[in-house]
Amino acid sequence: MKKSIFAVCDLETSYACNLTEYLNERKTTPFEVQAFTNVESLEKFAREHEIEILLISTRAMCNEIRDLPISRTIILSEGEQISDLGYPLVYKYQSSDDILSEVMEYYVQDHPQPHILSLGARKTKLYGVYSPIGRTRKTSFALALGEILAETKKVLYLNFEEYSGFEELFQVKYRMDLSDLIYFSRQKEGGLVYKINSVIQTFHELEYIPPALSPADVRDVTGEEWLAFLKEVMDFREYDVIILDLSEQVDDLFRILKECDRIYMPVQDDMISQAKMKQYEHLLRMLDMEEVQEKTLCIHPPVQPLQRDGGELTQQLVWGEMGSFVRRLLWEKEGENG
């Protein structure tokens with residue numbers, strides 16, 4: 001099924017084209033984004049094609065646009081004082097991710113049911129990253145793995161740790177996070193695909209959902225709910241790989257690990273770490289979960305200190321010792337090209 005049209009109209013040509021190019025390059029945007037730099041071309045297009053969303057600058061907005069059969073119109077504001085136009089406003093001079101986030105937030109309010117076909121026939125791979133041993137550089141490995149896979153694939157990263165520290169680590173304040181999506185999913189009103197677009201963030205080509213702020217928000221979610229959420233994401237988003245950065249606080253952890261196509265397990269060789277691994281393996285046998293162990297690859301990620309002034313943190317991983325380790329692993333063990 002062809003994607004619905006998301007039109008961007010701004011009299012500033014470079015802005016309209018750059019925003020459109022960025023949104024189309026986002027591999028999982030559920031719309032075909034078209035740029036318009038004057039009202040006449042937009043009107044002509046709208047007479048021949050159905051426009052689902054119109055994001056239009058205040059300078060381009062006029063009565064002719066009001067008469068077009070557009071499902072949802074949103075004003076691209078430059079921060080000027082505007083009398084009530086009857087349409088929601090999005091501030092123009094902010095990041096493209098934030099613009100898309102706000103647009104999707106408005107859109108999902110009126111369109112709970114997605115207008116795209118389920119992609120159930122598409123096989124999305126689930127990669128779990130988990131270790132019963134602490135301080136194994138698990139998250140550094142998972143982020144490097146995601147960034148490198150995202151060079152050639154469509155990848156989503158999900159972090160389930162109690163304290164991810166992402167806001168401090170990346171100096172960003174998230175408007176919404178994973179717990180908001182779970183709450184929305186629980187309402188069973190549909191439209192999760194659009195809600196995800198209002199939450200999702202990116203590290204270069206890697207997409208991720210900001211981790212939950214409170215550990216209680218993750219502990220409160222049942223294993224059944226996690227699996228239902230992942231199924232919805234896989235049904236309506238074109239991901240090749242979803243990386244689950246898991247922790248013990250996830251309910252029904254072994255069942256989720258069982259659903260993974262492969263599991264990367266960072267380990268250490270000291271006596272205490274080995275004792276924890278023996279207990280973990282014993283528990284798997286007791287629970288008849290040997291298949292989890294069969295799909296698990298134990299790894300020894302390198303120690304790579306990260307520097308606040310050393311450039312973007314994820315790129316330090318990708319092009320440092322960790323990145324070299326991941327690329328070698330994908331080539332030698334997985335036959336994948338990073």
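What's counted below: heavy atoms across the whole structure, side chains too, no hydrogens, waters or symmetry copies.
- With rounding to the nearest 0.5 angstrom, the CD atom of E147 is 5.0 Å from the CD atom of Q315.
- Connection of Y183 to V233 is not established within any shared hydrophobic cluster, with ILVMFWY side chains joined at heavy-atom distances below 4.5 Å, either directly or through further cluster members.
- Proximity of L230 to L158: side-chain heavy atoms (C-beta onward) are separated by under 4.5 Å at one or more points.
- Between Y87 and R66, some side-chain heavy-atom pair lies under the 4.5 Å cut-off.
- Neither L213 nor I182 shares a network with the other; the hydrophobic side chains, linked directly or stepwise wherever heavy atoms of I, L, V, M, F, W or Y lie under 4.5 Å apart, form separate groups for each.
- Although no hydrogens or angles enter the test, the distance criterion places a donor-acceptor pair under 3.5 Å between the side chain of Q304 and the main chain of E321.
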Side chain to side chain contact (heavy atoms under 4.5 Å, CB included) assessment of Y93 paired with E78: CA-CA 7 Å; Y93 300 113; E78 297 185 12; 3.8 Å; yes
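- Taking 4.5 Å as the limit, every side-chain heavy atom of V250 sits out of range of all side-chain heavy atoms of Y130.
- Listed by first then second residue, pairs satisfying salt bridge (Lys or Arg N to Asp or Glu O under 4.0 Å) with a partner in residues 37-47 number zero, not counting sequence neighbours.
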Full working for side chain to side chain contact (heavy atoms under 4.5 Å, CB included) between K92 and E12: CA-CA 11 Å; K92 179 177 178 177; E12 187 181 337; 3.1 Å; yes
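- Atom SG of C9 and atom CG of L42 lie 5.0 Å apart (nearest 0.5 Å).
- Of the inter-residue distances, the one linking N18 atom CG with L23 atom CG reads 11.0 Å to the nearest 0.5 angstrom.
- Minimum heavy-atom separation, M265 to P132: SD-CD, 3.8 Å.
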Test side chain to side chain contact (heavy atoms under 4.5 Å, CB included) applied to Y163 and E168, step by step: CA-CA 11 Å; Y163 296 96; E168 174 65 25; over 6 Å; no
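- Side-chain atoms of Y91 and E102 form no donor-acceptor pair, as typed in the model, at a separation below 3.5 Å.
- For F166, the ring-ring contact (aromatic ring centres under 6.0 Å, His included) test picks out F170, with sequence neighbours left out.
- The nearest pair of heavy atoms linking P88 to R72 is CD-NH1, 3.4 Å.
- No side-chain heavy atom of S71 sits less than 4.5 Å from a side-chain heavy atom of E50.
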In residues 133-146, what donor-acceptor pairs under 3.5 Å come from side-chain atoms, sequence neighbours left out?
{"from": "R137", "atom 1": "NE", "to": "P301", "atom 2": "O", "distance (Å)": "3.1"}
{"from": "R137", "atom 1": "NE", "to": "P302", "atom 2": "O", "distance (Å)": "3.1"}
{"from": "R137", "atom 1": "NH2", "to": "P301", "atom 2": "O", "distance (Å)": "2.9"}
{"from": "K138", "atom 1": "NZ", "to": "E161", "atom 2": "OE2", "distance (Å)": "3.3"}
{"from": "K138", "atom 1": "NZ", "to": "D245", "atom 2": "OD1", "distance (Å)": "2.3"}
{"from": "K138", "atom 1": "NZ", "to": "L246", "atom 2": "O", "distance (Å)": "3.0"}
{"from": "T139", "atom 1": "OG1", "to": "E161", "atom 2": "OE1", "distance (Å)": "3.0"}
{"from": "T139", "atom 1": "OG1", "to": "E161", "atom 2": "OE2", "distance (Å)": "3.3"}
{"from": "T139", "atom 1": "OG1", "to": "D245", "atom 2": "OD2", "distance (Å)": "2.8"}

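- Proximity of a side-chain donor or acceptor of E225 to a complementary backbone N or O of T222 within less than 3.5 Å is detected.
- Side-chain contact between Y239 and K153: absent, with no pair of heavy atoms (C-beta onward) separated by less than 4.5 Å.
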L68 and L54: CA distance, side-chain angles, deciding distance, side chain to side chain contact (heavy atoms under 4.5 Å, CB included) verdict: CA-CA 10 Å; L68 295 176; L54 171 63; 5.6 Å; no
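- Taking both residues in full, the closest heavy atoms of S41 and N38 are given as N-OD1, 2.7 Å, listed atom of the first, atom of the second, then distance.
- The shortest heavy-atom contact between V39 and C62 is CG1-SG, 3.9 Å.
- The CD atom of Q34 sits 7.5 Å away from atom NE2 of H49, with the distance rounded to the nearest 0.5 Å.
- In this structure the side chain of D251 never reaches within 4.5 angstrom of the side chain of V221, judged on heavy atoms.
- Aromatic rings from F184 and F229 are positioned such that their centres are separated by 6.0 Å or more.
- Between Q171 and R308 the shortest side-chain heavy-atom distance falls below 4.5 Å.
- Of the charged side-chain nitrogens involved, at least one lies within less than 4.0 Å of a carboxylate oxygen, so that E224 and R255 count as a salt-bridged pair.
- For the pair Q201 (side chain) and P210 (backbone), a donor-acceptor distance under 3.5 Å is absent.
- A single hydrophobic cluster is seen to contain both L169 and I243, as judged by linkage of ILVMFWY side chains at heavy-atom distances under 4.5 Å, directly or through other members.
- The backbone N or O of D177 sits less than 3.5 Å from a side-chain atom of D180, completing a donor-acceptor pair.
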Which side-chain N or O atoms in residues 279-299 pair as donor and acceptor under 3.5 Å with protein atoms at least two apart or in another chain?
{"from": "K295", "atom 1": "NZ", "to": "K258", "atom 2": "O", "distance (Å)": "2.7"}
{"from": "K295", "atom 1": "NZ", "to": "C260", "atom 2": "O", "distance (Å)": "2.8"}
{"from": "T296", "atom 1": "OG1", "to": "V292", "atom 2": "O", "distance (Å)": "2.6"}

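- F203 and L306 fall within a single hydrophobic cluster, where Ile, Leu, Val, Met, Phe, Trp and Tyr are joined by side-chain heavy atoms under 4.5 Å apart, directly or via other members.
- In this structure, the separation between OG1 on T314 and CD1 on I148 is 10.5 Å, given to the nearest 0.5 Å.
- Between the CD1 atom of I70 and the CD1 atom of I56 there is a distance of 7.5 Å, given to the nearest 0.5 Å.
- With hydrogens and angles left out, the side-chain atoms of E312 and H204 include a donor and acceptor closer than 3.5 Å.
- Contact detail for K125 and D261: the closest heavy-atom pair is CA-OD2, 3.2 Å.
- A donor-acceptor contact shorter than 3.5 Å links the side chain of S131 to the backbone of P266.
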K154 and E207: CA distance, side-chain angles, deciding distance, salt bridge (Lys or Arg N to Asp or Glu O under 4.0 Å) verdict: CA-CA 8 Å; K154 300 175 183 179; E207 295 193 354; over 6 Å; no
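- Checked by atom type and distance alone, the side chain of E167 pairs as donor or acceptor with a backbone atom of Y174 at under 3.5 Å.
- Residues passing the ring-ring contact (aromatic ring centres under 6.0 Å, His included) test with F160 are W226, sequence neighbours excluded.
- In terms of modelled atom types and a separation under 3.5 Å, the side chain of R328 and the main chain of G323 share no donor-acceptor contact.
- Within the 4.5 Å cutoff, the side chain of L156 has heavy atoms near those of the I200 side chain.
- The two atoms that bring R59 and L11 nearest to each other are O-CD1, 3.9 Å, heavy atoms only.
- When atom types are taken as modelled, the side chain of T37 and the backbone of T13 share no donor-acceptor pair closer than 3.5 angstrom.
- Legend: residues meeting ring-ring contact (aromatic ring centres under 6.0 Å, His included) with F6, ordered by chain and number and at least two apart, are absent.
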